[in-house]
Number of protein chains: 2
Amino acid sequence: MRSPPSRCGEPVGAIDTPALVIDLDALERNIARMADYAKQHRVRLRPHAKTHKCAHIAKLQVAAGAVGVCVQKTGEAQALADAGVTDIYISNEVVDAAKLERVAALAARVKLAIAVDSALGIDLLATALRAAGTTVDVFVEIDVGQGRCGVPATEAGTLAHRVVAKGLRFAGLQAYHGRAQHLRSAAERDQAVRHAVTLTRAAQASITSAGIACPLVSGAGTGTFVFEADSGVYGELQPGSYVFMDRDYAENETLVRAPVFEHALFVKSQVMSRGASHAVIDAGHKSHAIDSGLPRVWQRELDYANGGDEHGILRPRGAPLPMLGESVWLVPGHCDPTVNLHDSYVCVRGGLEHGVVEAIWAVDARGCVD
Amino acid sequence: MRSPPSRCGEPVGAIDTPALVIDLDALERNIARMADYAKQHRVRLRPHAKTHKCAHIAKLQVAAGAVGVCVQKTGEAQALADAGVTDIYISNEVVDAAKLERVAALAARVKLAIAVDSALGIDLLATALRAAGTTVDVFVEIDVGQGRCGVPATEAGTLAHRVVAKGLRFAGLQAYHGRAQHLRSAAERDQAVRHAVTLTRAAQASITSAGIACPLVSGAGTGTFVFEADSGVYGELQPGSYVFMDRDYAENETLVRAPVFEHALFVKSQVMSRGASHAVIDAGHKSHAIDSGLPRVWQRELDYANGGDEHGILRPRGAPLPMLGESVWLVPGHCDPTVNLHDSYVCVRGGLEHGVVEAIWAVDARGCVD
């Protein structure tokens, strides 16, 4: 790991910039609130670790009641397993023989699951597992409105049948609606999940018709999990972003019956140039992802404008411009790809103003796109 | 370094995906063409290493005639120095005392330069260098139209005077117009650089009035360097992207008198899900940056649509959809932040179709935002 931007015991003021900073108090409240929600609604929680890529956070989630975590990539699963995570679901397809060898080898070390959405994928997986002498749980992914991976609901039975015929363990349905997460109004998200539930029921029927039991439906994200939990169809929730809450998710209309999540992830930056009408900070889009829009300046009436890879440009919106050398905290637009830019988290206890660095955590699976 | 996606001697077909791949033949031609251009125009070449963050490429550039490289961050300078680069210019401001200690320490190991645009920055730099007993070349940055860092041209003399008064080595002007690089028409870029040249002359006059010589003007990028070279004012060019040529730069109107640069940087991906009317590849914006738009599919009539962090969605535009498991090559929209997502380059000799992996190079300064 590259030398981190801070050391334990330092005050927040001493953290080098730009730095990826966790407000530990907010993180712990977020983790507890989601865990409590899942318990109360008698649904399994399997948070998505693609968000944080951090074994330490995964273990906190499991300690709070999660059954394990999801990841999107084989490399993520390997990195988290190396760092001690023991129950991992690759909620995504792998159709490469060499990569499936890695999946099969990993299954010897941890409880592993994977998604499939093709006959070829099932066959290659079966071959790899047979060669390694290992087993995994296999979920059939259906397209519930995302228009990305997954077979049409009515084809789920055919694939489940093939899973079983190949001697694999059919674990249920992967039914995640990614696009629904960011629909701004609660009514739109509700509507999208109702559609997803209808399709999932059709998939369950298709599986039952094939004479196979469907043990579990897994899906949902931070924007919609309340609806999936209410549906009676989903048995496992996969939210990821709730641990950090980025600017984009915070712009969703909230539901009264949903738990409240706080911003727990920040980028600390510093003003390194100052004009008459703008200030320039040392954090650009090599420090935070901008795929879901620009970051928001935390608790200051300042507008952030894109200054390129290494700079951000601040203009006043009520508040005075910060001075040269001052710290400015950003709430990233999208937490997952922001985390992926950094090697470590600086974990602060006691708030961003007067807090102290309590821990440095590695972003264990940073860059694991493979 | 994380285990790279390939090994030397493997055919391109065996490279794991997603992978950051260099076409070595194209890279070498790009490096030679820019070096030849600079020689013919009797201007120094100091390529920007923020693009590639790779000591191996920096050394190839220097071997072809470059005087050294630029970087944007102290951490980048340290990483490249650690990997053997000996002449580095941090073409950006640093105003943090702890970071300037690192700058001053680095100056003991390599020939180092840095930009300033404030009295505070000059004073802090002088303090750090005095404490370390080292020296650096100091460039005063002026704002030549970018509206980001740099003082107004007429204030250059005041800052140059302060540099000298503090006992530092005044090396000249940093006069980079980032925004001009991506103006699509050559006429617009020409116009923007004419404006920059006018401001730079005013800055030179302001420095001369202060009784100080201005040894060098450094600036220019891949989109405009022909105009700066023609100006008679710029003595050093700082282009970065020409080594790789991303989709965005390739969309600029080209100039007949400018050297031709080829795409040399690609992301290799694989189709991991296949619907009736779309294919899904395993490369999303954790594999390539999308700040300058989406990637282009290389030599196939396919449209790439954003599929999120880990997926890309391909739709036919003339060509048939690729099959499950097939390789698809992408030309990134913006090379610099794309490189920053990966730990290593897979370097291929003999083309993307039948080539062989000749080398694996580390992205030495990946993640060095500090």
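Within every chain, numbering begins at 1; the chains are lettered A, B, ... in the order of the sequence lines, protein sequences first and strands thereafter. These figures come from a predicted structure and were not determined experimentally.
- With a 4.5 Å cut-off on non-hydrogen atoms, B:Pro18 touches chain A through its backbone and its side chain both.
- In this structure, the portion of A:Val271 lying under 4.5 Å from any heavy atom of chain B is its backbone and not its side chain.
- The existence of a salt bridge linking B:Asp343 and A:Arg366 is confirmed by a sub-4.0 Å separation between a basic side-chain nitrogen and an acidic carboxylate oxygen.
- For a residue to count as touching a neighbouring chain, one of its non-hydrogen atoms must lie under 4.5 Å from one of that chain's; by this rule B:Leu324 touches chain A with backbone and side chain alike.
- With a threshold of 4.5 angstrom between heavy atoms, B:Val151 does not approach chain A through any atom at all.
- When the candidates B:Ala305, B:Pro337, B:Gly367 are compared by the number of heavy-atom contacts under 4.5 Å with chain A, B:Pro337 comes out ahead.
- Within the 4.5 angstrom heavy-atom criterion, only side-chain atoms of B:Gln72, from C-beta onward, approach chain A.
- Contact record, A:Ser273 with B:Gly150: OG-N, 4.0 Å, taken as the closest heavy-atom pair.
- Put simply, of A:His342, A:Gln146, A:Lys73, the one with the most heavy-atom pairs under 4.5 Å next to chain B is A:Lys73.
- Summarising the geometry, atom OG belonging to A:Ser292 is positioned 6.0 Å from atom NE2 belonging to B:His285; distances are rounded to the nearest 0.5 Å.
- Chain B forms more heavy-atom pairs under 4.5 Å with one residue of A:Gly178, A:Gly147, A:Ala98, A:Ala289 than with any other, namely A:Gly147.
- Contacts of A:Asp336 with chain B are made by both backbone and side-chain atoms, with heavy-atom separations under 4.5 Å.
- Interface check for chain B: of the options A:Ile313, A:Ile290, A:Asp291, the most heavy-atom pairs under 4.5 Å are formed by A:Asp291.
- Rounded to the nearest 0.5 Å, atoms CE (B:Met323) and CG (A:Leu120) are 9.0 Å apart.
- Ranked by heavy-atom pairs under 4.5 Å with chain A, the list B:Arg179, B:Glu310, B:His334 is led by B:Glu310.
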| task | Kindly indicate, with the supporting measurements, whether the criterion side chain to side chain contact (heavy atoms under 4.5 Å, CB included) is fulfilled by B:Lys286 and A:Lys50. | result | CA-CA 11 Å; B:Lys286 280 180 183 165; A:Lys50 69 179 178 178; 4.0 Å; yes
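- Taking the salt bridge (Lys or Arg N to Asp or Glu O under 4.0 Å) definition, one finds that B:Lys268 meets it with nothing, sequence neighbours left out.
- For a residue to count as touching a neighbouring chain, one of its non-hydrogen atoms must lie under 4.5 Å from one of that chain's; by this rule B:Asp96 touches chain A with backbone and side chain alike.
- Neither the backbone nor the side chain of A:Pro5 comes within contact range of chain B; no heavy atom of the residue lies under 4.5 Å from a heavy atom of that chain.
- One finds the OG atom of A:Ser3 at 8.5 Å from the CD atom of B:Gln78 (value rounded to the nearest 0.5 Å).
- Annotation: the span from B:Glu93 atom CD to A:His311 atom NE2 amounts to 6.5 Å, rounded to 0.5 Å.
- Both the backbone and the side chain of B:Leu341 come within contact range of chain A, with heavy atoms under 4.5 Å apart.
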| request: Take A:Asp16 and B:Arg102 through the side chain to side chain contact (heavy atoms under 4.5 Å, CB included) test and state the conclusion after the steps. | output: CA-CA 12 Å; A:Asp16 192 20; B:Arg102 290 158 49 201; 3.0 Å; yes
For residues 276-283 of chain B, which side-chain N or O atoms pair as donor and acceptor with protein atoms under 3.5 Å away, sequence neighbours left out?
from: B:His278; atom 1: NE2; to: A:Arg148; atom 2: O; distance (Å): 2.8
from: B:Asp282; atom 1: OD1; to: B:Gln270; atom 2: N; distance (Å): 2.9
from: B:Asp282; atom 1: OD2; to: B:Thr17; atom 2: OG1; distance (Å): 2.6

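- Proximity to chain B (any heavy atom under 4.5 Å) is restricted, for A:Asp309, to the side chain, taken from C-beta onward.
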